[in-house]
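Here is the structure we will look at.
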Protein chains: 2
Amino acid sequence: MAKVTPKSGGPRIREGGAVREVMDRIGDKWSLLVIGTLRAGPLRFGELEAAVAGISQRMLTLTLKHLVEDGLVARTAYAEVPPRVEYELTELGRTLVPLVMALAEWAMANHEQINANRSGHASGEGRP
Amino acid sequence: MAKVTPKSGGPRIREGGAVREVMDRIGDKWSLLVIGTLRAGPLRFGELEAAVAGISQRMLTLTLKHLVEDGLVARTAYAEVPPRVEYELTELGRTLVPLVMALAEWAMANHEQINANRSGHASGEGRP
DNA sequence: CAGCATCCTCGAGGATACTG
DNA sequence: CAGTATCCTCGAGGATGCTG
């Protein structure tokens, strides 16, 4: 996989590889939800589990592991009992917050219209 | 259910339902790729297939069908032979373009760093 | 509390072939 | 050219139980 078909005149962007690559990482709903949830500050595992609510413990573990690996989230374990672990966005992760929030806001602003379109999409879809 | 966004003061956003819902639709990589590809103007089925390149014909069909149902993409079939069908973003779909592009640009700007972090994520991930 | 490990299901998605 | 139909695989992801 490589270049996209260069279209005449249009401001073409090299979206082939990088976007796909990154999307495979942060493109899944859990990652985006977690990032959005962490934007306010550090949270513990349990807090995240409650905040995202709907995510399984396994998925939260995996998602966090990936995000930490990618350097989007920092994990801090406090060696005490009971164990406490906090997750927070790194600088890199924070640069993603505005995009995630924009997406979230778009979703909230338009999900009704989308639902409406989906129900009877023979009337006037797409024309707000 | 026209939820307002209390983004100022209380840094808590009602992201539970709507975001998840919309993410399930446009959150998959194919939808985002297709939307991004269509931003320059109408494209025919075959052009899209070539432009996205990596997408299977089946997935393109399904993705387009969903996007049309959601009112993000308009389908125009010209009754002629050989058949010609063009897809283009609706008004609603166009409002999503800036976000998609922002995501694409973020991806291209940071995928190297992410890859670096993933390889040896004990060095300087995130930017501590 | 935080988090691996295991089993199992279910549907996203690719390959292929056919049609209008 | 623009799909539709069918089969089949593979891995995302939930449920459950155990450990540090």
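Remark: B:Glu112 engages no residue in a side-chain hydrogen bond (donor to acceptor under 3.5 Å, both in side chains) (not counting sequence neighbours). With sequence neighbours excluded, the residues satisfying salt bridge (charged side-chain N to carboxylate O under 4.0 Å, His left out) with B:Arg94 are B:Glu91. Here A:Thr95 pairs with B:Trp106 under the side-chain hydrogen bond (donor to acceptor under 3.5 Å, both in side chains) rule; sequence neighbours left out. Partners of A:Ala79 under the side-chain contact (heavy atoms from CB on, under 4.5 Å) rule, at least two apart in sequence or in another chain, do not exist in this structure. Shown here are the side-chain contact (heavy atoms from CB on, under 4.5 Å) partners of A:Pro98, two or more places apart in sequence or in another chain: there are none.
Rounded to a whole Å, the CG atom of B:Leu48 is 13 Å from the C1' atom of D:dG3. The nearest whole Å value for the distance from the CG atom in B:Leu64 to the C1' atom in D:dC1 is 14 Å. If you measure from atom CG of A:Leu60 to atom P of C:dA5, you get 16 Å, rounded to the nearest angstrom. The CD-C1' distance, from A:Glu80 to D:dG20, rounds to 15 Å in whole Å.
Nucleic acid contact for A:Tyr87: sugar-phosphate only, since backbone atoms but no base atoms lie under 4.0 Å from a heavy atom of the residue.
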Donor-acceptor list for residues 49-60 of chain B side chains, cut-off 3.5 Å, not counting sequence neighbours:
unit_1	atom_1	unit_2	atom_2	d
B:Ser56	OG	B:Met59	N	3.2

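In this structure a side-chain-to-backbone donor-acceptor pair under 3.5 Å is present from A:Thr90 to A:Gly71. Side-chain N or O atoms of B:Glu105 include none that pairs as donor or acceptor with a backbone N or O of B:Ala102 at under 3.5 Å. Formation of a donor-acceptor pair under 3.5 Å by the A:Glu47 side chain with backbone atoms of A:Arg44 is found in this model.
Side-chain proximity of A:Arg75 to D:dG3, C:dA2, D:dC1: nearest is C:dA2. Which of C:dG3, D:dT4, D:dA2 sits closest to the side chain of A:Thr61 comes down to C:dG3.
For the pair A:Arg84 and C:dA2, the criterion of a side-chain N or O lying under 4.0 Å from OP1 or OP2 is not met.
Note that the two end axes of the helix from C:dC1-D:dG20 to C:dG20-D:dC1 enclose an angle of 50°, each drawn from 5 base pairs, rounded to 10 degrees.
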Protein N or O to nucleotides 13-15 of chain C N or O, pairs below 3.5 Å:
unit_1	atom_1	unit_2	atom_2	d
C:dG13	N7	B:Arg58	NH2	2.2
C:dG14	OP2	B:Ser56	OG	2.7
C:dG14	N7	B:Arg58	NE	3.4
C:dG14	O6	B:Arg58	NE	3.2

Listing time: all N or O pairs from protein to nucleotides 17-20 of chain C that are below 3.5 Å?
none

